[in-house]
Q: 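Once you've had a glance at the structure underneath, I'll fire off some questions.
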Amino acid sequence: MSTLEIKDLHVSIDTEQGTKEILKGVSLTIRTGETHAIMGPNGSGKSTLASTIAGHPRYNVTSGTITLDGEDVLAMSVDERARAGLFLAMQYPVEVPGVSMTNFLRTAKTAIDGEAPKLRTWTKDVKAAMAQLRIDADFTQRNVNEGFSGGEKKRVEILQLELFKPKFAILDETDSGLDVDALKVVSEGVNRAHGEGNMGTLLITHYTRILRYIKPDFVHVFVDGQVVEEGGPELADRLEDEGYDRYATGAGAATIAAASAAAQA
Amino acid sequence: MTDITTEKARIGAPSAQPFINGFTEEGESLSPLNAAESKAPLAGEAVKRHSHGGGVGVPDSSRAGRLTSYKLADFKPLTGMEEDWRFTPLKRLRGLHTEVLTGAAPAVSVTAPDSVRVETVGRDDRRIGSAAIPEDRVSANAWENFAEATVITVPSEVEVEGEVSVLLTGQGTEASAQHVVIVAERFSKSVVVLDHQGTAVVSENIEILVEEGAQLTVISLQEWNDDAVHASSQQAKLGRDAKFKHIVVSLGGDLVRVTPSARFTAPGAEVELFGLYFADAGQHLEQRLFVDHAVANCKSNVLYKGALQGRNAHTVWVGDVLIRKEAEGTDTYEANRNLVLTDGARADSVPNLEIETGLIAGAGHASATGRFDDQHLFYLMARGIPEEVARRLVVRGFLNEIIQKINVPAIEERLTDAVERELAATNH
Ligand SMILES: Nc1ncnc2c1ncn2[C@@H]1O[C@H](COP(=O)(O)OP(=O)(O)OP(=O)(O)O)[C@@H](O)[C@H]1O
Ligand SMILES: [Mg+2]
């Protein structure tokens, strides 16, 4: 049983116009076996939260903490975080020229496990996981994400999730750009990984449709860099009907946030 | 890679008049193209005349018009302003362009199966000058000063098992001249490796004759010590249906400047020119190649890849491809890709494609210089891969494309290790 704990996280970025605060005090606790959905409008800071957890150098944490089983995640380098068990499925996976998928997957697995996987079982595992995600076998010969379609990139992110077996998976809009079939295939992948019982999931999404396939235990509504409302799966249904409009930004949001923070405490 | 800049090629002589539109390359329209009209010396008389007679050509903005001569005196002293020397730090040539080259040339040791003839010959041997004529002052200086030449002959119809290995070991820092002739006789098949090691200051002329129907691979490895200075003109002349593969690998040396060329003399021949270079802090690695499509129905394919790291690492790639009026049915493609790993390094990349006939099968070029990108690094590290490993993964993958073309397992392995060592040497 593991716990990923985010406390009063403030994050800013440096822009040409100066420093811009994007996350304005986010608190969230995820435990093994739980699925948390973070939902919010465009630009509310969802990807910022995900990237900050993964350690992207662009984002500066000005205050607050992130811990994994009590260990200070913010003190870890990007690769250390991954090896500690955090996995970020990116909203826009990066194309890496010159590096084949085969080579990449094996190198990453070796780094995460601290030892090279047994070649025979590894090859078999990769093949099987690819087949389940309906990824063509010849993708292993291609360079990482190079020329993959948006949907293919997302499947390959989930492929990694299944192969690397993290303690916590952060899925940043894994559903965007997927057609219904692909959405199903990808959701099944997440559910398989989750079903093994050793993982907590933070599912970031703009839309509710993925929640038909992946059932969240908790839903957090994110507006303007803050959690403005929290609840169970029923909150997602309400968002489906009403959208984000009723969450006014500004003072109103702050009030709601304060209320929900109080409720959580 | 992100930050890719595709440099616009200079096409043809600056005074080009008519256009041939519609050649595109990576979406870029390559016009204006050179005039098809070709008065001498554009039509190549200069080069033809000189490769037979050894006279002096008239310099011209077209590649065909470049001065060629066996006589040093025909070349003016270098100023660094010359088109073909503008990237080279002359000061670091250590006299190759100014001194009489009397130093001891790198020692030559050839390992070859019995079927291959290896000779050491004097300056008057009839095979000297059979494939090459100097195109610059440094090459002419070597031509005038070399004491003896090594001639390697693969006899007609002989298929050599394994490779012919030519080890050239530097003898010190006195400016010297070297001459090697490789003759692949009709329908022979062979691989020759020129393995440059140690410390030398040397100007080298390699003549390569690929006769009718012969298949020859020449691999030139520059794994010099850090203080070596090396200028190498490697000229190949190809007969009918000949197949020539040339691979340049430059890793070591203070200044290495390789100028390979391939001239077609009869139809049906094919060349592949590949190159790999890895420049560290302070190194200058230059490659200027020339493919002369002087006759119809020949093919050429060029790919050079380079990695750079460290302050003042400098690489230069200039690819001149000339499709003469007579060269109908030509099919050619040239590309150069560079990967800049750290700040303070500089890659110059200039493809020049001159086309004097519209009746060709294909002509294209590409040039891209990318940075090893923070986003690549983030992605790989977010999968648990430490920074140094990530960096290696990318560079290894990038350069492997060339290493794989070598097809000599022992050398592939050696180069893979050498690339690893280059990477391990960095302190970011
Ligand atoms: N690199 C950046 N440069 C400038 N502004 C940025 C940068 N990254 C994020 N922002 C700004 O921070 C805010 C939050 O962005 P973020 O990408 O985290 O939102 P999001 O909730 O993931 O949105 P979406 O639903 O569109 O993915 C936005 O206003 C965005 O413009
Ligand atoms: Mg986002």
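First the proteins, then the strands, lettered A, B, ... as listed; each starts at 1.
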Q: Counting C-beta onward and ignoring hydrogens, is there a side-chain heavy-atom pair between B:Leu251 and B:Leu415 closer than 4.5 Å?
A: yes
Q: Taking the six-membered ring for Trp, is the centroid-to-centroid distance between A:Phe222 and A:His220 below 6.0 Å?
A: no
Q: Return yes if a side-chain donor-acceptor contact under 3.5 Å exists between A:Glu21 and A:His10, otherwise no.
A: yes
Q: For the interface with chain B, which of A:Asn103, A:Val78, A:Ile112 has the highest count of heavy-atom pairs at distances below 4.5 Å?
A: A:Val78
Q: Within 45° of the six-membered ring axis of B:Tyr379 and under 6.0 Å from that ring's centre, is NZ or CZ of B:Arg383 located there?
A: yes
Q: Answer with side chain, backbone, both or neither: which region of A:Pro166 has an atom nearer than 4.5 Å to a non-hydrogen atom of chain B?
A: neither
Q: Give the minimum heavy-atom separation between A:Gly45 and A:Leu23, together with the two atoms involved.
A: O-CD2, 3.5 Å
Q: Measure A:Asn145 against the heavy atoms of chain B and call it side chain, backbone, both or neither at under 4.5 Å.
A: side chain
Q: Is it the side chain or the backbone of B:Val389 that comes within 4.5 Å of chain A heavy atoms, both, or neither?
A: side chain
Q: Counting heavy-atom pairs under 4.5 Å with chain B, which one of A:Arg83, A:Lys109, A:Arg58, A:His56 comes out on top?
A: A:His56
